[in-house]
Amino acid sequence: MLPATLKSDFPILGETVNGRPLVYLDNAATSQKPRAVLDASRHYYEAVNSNIHRGTHFLARAATAAHEAARETVAAHLNANSPDEIIFTSGTTDSINLVSDILPLSPGDEILISALEHHANIVPWQMLAERTGAKIVVIPCDENGVLDQAAFVNLLSEKTKILALTWVSNAFGTVNPVREMTAAAKRYGAIVLIDAAQAIPHMAIDVRELGADFIVFSGHKVYAPTGIGVLWGRLDLLKSLPPWKGGGEMIKEVTFESTTYNDPPFKYEAGTPNIEGAIALAAALDYVNAIGIDSIHSHEQELIAAAAAALSEIPGIRLYGPPERIGALSFAIEGVHHYDLGTLIDQMGVAVRTGHHCCQPLMARFGITGTTRASFALYNTMEDIESLATAVKKASMMLR
Ligand code: PMP
């Protein structure tokens, strides 16, 4: 287990809620920020703030250097071949929309997604399908929330142009075998995008080993601020695909007659970016790496196993997702509405998420409107798990 003293790195975790110390178990929605990240943001505005890339003065050069150093930190964290493969976006949603807007498709082409996807990895593809006459095809999952691999293989064909797949389900914590699935889709020449929003805080990501074309995530899930995210893309694709948003920074030369476009990553970074966010994201990744992502992973796995064991004792409870889940533990108690449960345990100082978790099709697959979800981060402790179990037991007795 990681030391419980890590909590003190996160000022907000010292707050009380309803007179009780905050037990924060809504990390899949967003993580809390360590002092190292808050300091990086503050330092940027106090000592560095300037617009980047175009200025010749001291601050412009310092801000540019810090922003591009942040890109290098992200590239190193992902084991990318080059920082040019790292495009800063506002988050996972933005990154997926970027890709879905630039990929060319024809009527009859198929976009393969899965039953586990977040709305952010469904709706942009539906919009692309609507624009182009392509078709959305869905890989089904079983009762444990595990994708049906036989069905997946059967759904692959020459028509499959895109596989857009989450690595870890935000709703159930299911970990998809993305490496194998990517390799299978690649045999048909499909473009593969992996939604790593729920993978990035919990495991090492090696983009070279994975073999996908695009990997996307949000900074705020990995201890960085909101409003910053990443699109990693294969450089040859980023070079050959058309630009997305037009404006400053993404151009080489503009005349009223025509424009030539900049090289990646700048080709996809029109306008003034979230400079402070990129710098704070790098600080967050440095913080994670100082602790060690593998240590974080095993710490969280112990917590989630303990939570699953403790909650299993509650009469009428159903846990969703397979036992090998990562990051998130979803459950429902017979006869108890998830909203009532969430509200009641909040009064006991325990913050969890209730509802459909932006996965309405997945909830429909299970015939439910939502679940209660506890989700874990490096700063959670066994005491947090005890507080969760005690609160859920108490609340379910009151509500049943
Ligand atoms: N995909 C997954 C798997 C997620 O968990 C989330 C956030 N809940 C998103 C996409 C969207 O992320 P964002 O709202 O930061 O763009």
Side-chain angles (χ1 to χ4, degrees), residues 24-33 37 74 87-101 111 113-127 138-139 141 145-147 162-176 178 181 192-203 205 210 212 214-232 244 273-274 277-278 280-281 284-285 300 304 320-321 325-330 351-363 370-377:
Y24 186 77
L25 293 168
D26 192 19
N27 297 286
T30 201
S31 60
Q32 300 302 349
K33 320 305 172 199
V37 169
V74 175
I87 293 157
F88 285 121
T89 64
S90 69
T92 306
T93 304
D94 198 34
S95 298
I96 297 172
N97 276 275
L98 192 169
V99 176
S100 68
D101 274 356
I111 305 165
I113 61 173
S114 89
L116 296 172
E117 300 312 315
H118 186 281
H119 297 163
N121 205 26
I122 301 174
V123 184
W125 303 114
Q126 286 175 331
M127 291 160 72
V138 183
I139 309 162
C141 72
V146 173
L147 294 184
I162 298 168
L163 170 64
L165 183 68
T166 194
W167 194 329
V168 177
S169 155
N170 66 305
F172 290 172
T174 313
V175 186
N176 291 324
V178 286
M181 293 177 78
V192 179
L193 176 141
I194 301 297
D195 174 352
Q198 298 296 341
I200 190 80
H202 308 301
M203 58 169 84
I205 295 181
L210 196 57
F214 298 104
I215 295 175
V216 299
F217 68 88
S218 302
H220 71 94
K221 310 271 190 199
V222 62
Y223 313 108
T226 48
I228 186 73
V230 168
L231 164 64
W232 169 85
W244 186 41
N274 182 354
L281 171 59
L285 295 178
E300 292 169 341
I304 204 164
Y320 290 91
R325 59 179 77 78
I326 281 184
L329 175 62
S330 246
V352 294
R353 175 117 333 205
T354 65
H356 54 63
H357 316 297
C358 293
C359 293
Q360 284 180 347
L362 180 63
M363 298 298 125
T371 68
T372 304
R373 179 190 71 185
S375 53
F376 307 89

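Counting convention: from 1, in listed order, for ligands and their atoms alike.
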H119 and H356 aromatic ring geometry - parallel, tilted or perpendicular at 30°/60° bounds: tilted
Top protein contact for atom 4 (C) of ligand 1, by heavy-atom distance: H118 CD2, 3.4 Å
Nearest 0.5 Å, please: how far is CD1 in I200 from NE2 in H202? 10.5 Å
CG of L210 to CD1 of I205: how many Å apart, nearest 0.5 Å? 8.0 Å
In terms of residue, atom name and distance, what is the protein heavy atom nearest to atom 3 (C) of ligand 1? D195 OD2, 3.4 Å
Considering non-hydrogen atoms of the protein only, which is the closest contact for atom 14 (O) of ligand 1, and what is the distance? T93 OG1, 3.7 Å
On a heavy-atom basis, which atom in K221 and which in A29 lie closest, and how many Å separate them? NZ-O, 3.1 Å
Element-labelled atoms of ligand 1 that are located less than 4.0 Å from some non-hydrogen atom of T166: 3 (C)
Just by modelled atom types, is the I326 backbone N or O under 3.5 Å from a matching donor or acceptor in the E300 side chain? no
Sub-4.0 Å heavy-atom approach of H220 to ligand 1: yes
Q198 N/O to ligand 1 N/O under 3.5 Å: yes
May I ask you to list the atoms of ligand 1 that are less than 4.0 angstrom from any heavy atom of S218? 12 (O), 13 (P), 15 (O), 16 (O)
Distance to 0.1 Å, residue and atom name: give those for the protein heavy atom nearest to atom 8 (N) of ligand 1. K221 NZ, 2.7 Å
Do T371 and H357 have a side chain donor and acceptor closer than 3.5 Å? yes
